[in-house]
Amino acid sequence: MSDATHLTNFSGDKKAWPVYMTVGNLSASARMAPAMHSVLLVALLPIPIKMRDISASLYNAQKEHNRMVLQYVLRHILSPLMDADKRVFYAKCADGHFRHCVASPAAWIADYPEHRDLHNLKNGLCYWCECPQPEMGDLPTQQHPPRDHVKYRALSEANTTAGKVGLSGVGVHHGFNVFWDLDCVVSDLPKPDLLHTMQLGMLKHLLGWLQDFLKQHNRLEAFNNIWLSVPAYLDMTRPRRAYGEVSSWQGKEIKTMSRFLVGVLRSALGGPSASQRSVFDEAIECSRALVEFYFYCQYESHDEETLSCMAGALQRFHSYKGVFRQFRAGKRVTVEGKAHRKDLMVQRDEELNAVRTSGKSATFQQHLRDDWRRYIHNEMVEYHEEGGNFNFPKIHQLLHFCEQVKRYGSLQQWSTETGESSHRTQIKTPYNKSNRSGDIYTQILEHYLRSDVFAVRKLNNDSQSGTNNAMSNSIPSIATSTGLKFISVQRNTGSTAVKTFGGVLATVSDADLRDELQNATYRFLLSRKVNITLENLLHSTASVYHGIQVPVNDMHGDQAIQNVRCTGDSTWHGQEPRHDWVWVKVSHTREGQVVAYKALQGRVPYRLLKLFKLNARERLFWCAFVETTIPGAGGMPERVSSMVRVTKPTTGSGYTVISGENIVGAAHLIPEEPVSSGKPNKGWIVNSHIDLATWNKVYI
Ligand SMILES: [Zn+2]
């Protein structure tokens with residue numbers, strides 16, 4: 001894989017362009033784990049000079065020259081793979097056996113601009129197929145022909161006018177391509193890159209379109225307020241800033257946003273007018289389709305059914321995307337384009353001023369001015385190529401994803417996110433340790449070589465001596481009968497200093513809530529046939545806990561532990577207190593019986609307000625004081641958002657005490673009333689997108 005990266009974060013423009021290599025017969029999980037040292041730095045490619053310094057007359061020639069330099073350097077690096085003798089060898093494997101190996105390139109992972117140059121393609125085209133540029137945004141009725149590099153090579157080497165026209169017709173530059181000499185199908189080398197096509201590509205586009213859409217319909221403020229009211233969930237913290245407040249989001253952050261985007265959108269677009277209804281529905285459908293397509297992309301394994309769902313989601317996206325068409329040519333592109341143009345003009349003026357004061361001839365100045373004009377023009381043309389319609393490469397590439405899964409397995413393993421972590425350990429750390437001047441590239445390579453040799457040696461030693469870091473992580477806590485554990489913030493004491501139920505009550509600052517807790521606990525004990533006076537209850541032994549560890553099965557059937565938080569009035573890492581939502585089992589189904597609350601599978605989401613252990617009349621209870629909800633529409637998902645809406649009960653207190661054993665996992669709910677409004681919530685959207693396990697469980 002190759003990926004150019006900046007060496008410095010804030011200033012300077014030192015870049016490195018590393019090439020990494022790994023072997024295909026490692027498991028995807030080993031390859032993706034940085035500690036396994038399975039991705040090796042093999043070379044640093046030369047960084048081309050800045051096109052700004054090139055005069056217009058040489059602009060295209062220099063671009064061509066850069067492309068060729070890249071091709072010939074790669075040819076040198078890859079030459080062992082072209083040598084019939086060197087690429088066949090015997091390797092001693094980890095199991096002690098020798099194997100007869102043949103090295104062939106199977107994949108090349110890079111972002112779009114690098115692939116475009118590596119494949120000698122014109123900008124804006126697909127490296128997998130010959131789809132014409134004006135059709136890139138469409139869902140094709142039949143597949144476009146795959147790229148045939150055997151044919152391209154023949155046409156290029158024939159070097160005839162007809163050949164050049166033929167190449168140009170399919171958007172290929174005339175000239176040498178290093179991949180032609182390798183034992184591979186060239187158009188099979190690129191692999192789907194979720195980081196750039198989805199997170200930093202389509203999802204980012206979608207978030208941008210939505211900003212314009214919401215602004216147009218006066219819902220942006222509502223959207224932002226609900227966005228900021230999204231509660232924390234297990235590993236996910238509450239969003240601290242609205243989408244529009246930050247100019248550049250990282251891929252990882254956008255991945256997190258995809259987990260609550262549709263729920264927030266549904267909540268913000270609630271109660272549309274008659275004329276708004278259909279366009280709001282389309283916006284939700286389109287967003288949901290893209291987000292769900294992305295979820296399928298993240299599956300670790302697939303079958304025919306998941307693949308057909310994946311294709312279906314993409315189809316839905318295409319049939320609804322028209323609702324955002326007007327924002328494709330939208331202000332944002334223009335504003336960003338204008339800003340870039342302004343930047344370039346400032347640079348131009350600085351250079352022209354410097355030349356003027358240095359006393360260069362008027363002709364020279366005129367030439368420079370012309371060069372700058374053409375350079376800015378070229379930049380702007382490239383800038384606007386993606387504007388105005390849906391015909392850009394990223395939207396088209398999604399069409400190939402299902403086929404890529406069928407041929408090469410799960411998509412996660414190809415994401416350039418893996419390369420990003422290699423950058424840190426193999427490029428940036430060595431750079432920081434270099435003297436930062438002189439031949440830094442040699443220093444980076446040598447540092448990497450040495451540290452990697454030590455690291456691999458240590459890995460081998462550890463595996464032979466059986467060193468195992470997986471020490472059992474003992475947290476003092478008491479297990480309930482279902483394996484669920486109540487935990488405390490003060491891990492060593494097991495629970496806080498509260499000793500009686502009266503003390504538990506005293507930790508609740510809100511008087512109404514305190515009454516609710518007392519009454520609900522009393523009702524709970526009655527239902528358990530514990531005969532107790534109020535006086536005795538207040539003096540019963542009790543202690544407060546701050547979280548529950550719930551054992552759950554993830555979508556692949558593996559055991560995992562969910563840490564659900566309930567901090568009471570105490571802050572959580574200096575932020576507001578956490579009162580997480582949990583799934584509570586309310587019905588036990590027998591075979592053949594209809595599941596209660598259909599999509600919710602006999603479970604309802606309740607909000608944890610207090611966790612406590614109670615010893616009443618010699619019986620021990622693990623209790624959770626919760627705020628209850630009632631599923632709307634009998635637990636059926638809404639047609640458009642495909643999410644279930646729950647409401648506050650209109651009868652009864654809305655609070656209850658349940659046994660901790662009925663808690664079966666963490667839930668995530670998005671309020672309809674933003675926290676900032678101060679009004680009580682009447683309804684919530686059950687966010688089935690929060691993680692893949694929830695999404696698989698909550699569905700029609
Ligand atoms: Zn294609």
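Counting convention: from 1, in listed order, for ligands and their atoms alike.
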Q: Taking only residues two or more places apart in sequence or in another chain, which ones pass salt bridge (charged side-chain N to carboxylate O under 4.0 Å, His left out) with Lys406?
A: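 Lys406 satisfies salt bridge (charged side-chain N to carboxylate O under 4.0 Å, His left out) with no residue once adjacent residues are dropped.
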
Q: List for me each residue that meets salt bridge (charged side-chain N to carboxylate O under 4.0 Å, His left out) alongside Asp303, sequence neighbours excluded, and say none if there are none.
A: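 Per chain and number, Asp303 pairs via salt bridge (charged side-chain N to carboxylate O under 4.0 Å, His left out) with no residue.
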
Q: Among protein atoms, how many N/O/S atoms lie less than 2.8 Å from the Zn ion (ligand 1)?
A: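 Under the 2.8 Å cut-off, the count stands at 4.
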
Q: With sequence neighbours excluded, tell me which residues meet salt bridge (charged side-chain N to carboxylate O under 4.0 Å, His left out) with Arg277.
A: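 Result, salt bridge (charged side-chain N to carboxylate O under 4.0 Å, His left out) vs Arg277: none returned.
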
Q: Check the side chains of Gln426 and Tyr20 for a donor-acceptor pair under 3.5 angstrom, ignoring hydrogens and angles.
A: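 The criterion, which ignores hydrogens and geometry beyond distance, is not satisfied for Gln426 and Tyr20.
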
Q: Using only atom types and a distance under 3.5 Å, with no angle test, would you say the side chain of Arg147 pairs donor to acceptor with the backbone of Val170?
A: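 The answer is yes, because a donor-acceptor pair under 3.5 Å joins these two groups.
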
Q: Is the cationic atom of Lys394 (NZ for Lys, CZ for Arg) positioned less than 6.0 Å from the six-membered ring centroid of Tyr112 and within 45 degrees of its normal?
A: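 Lys394 over Tyr112 ring: no.
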
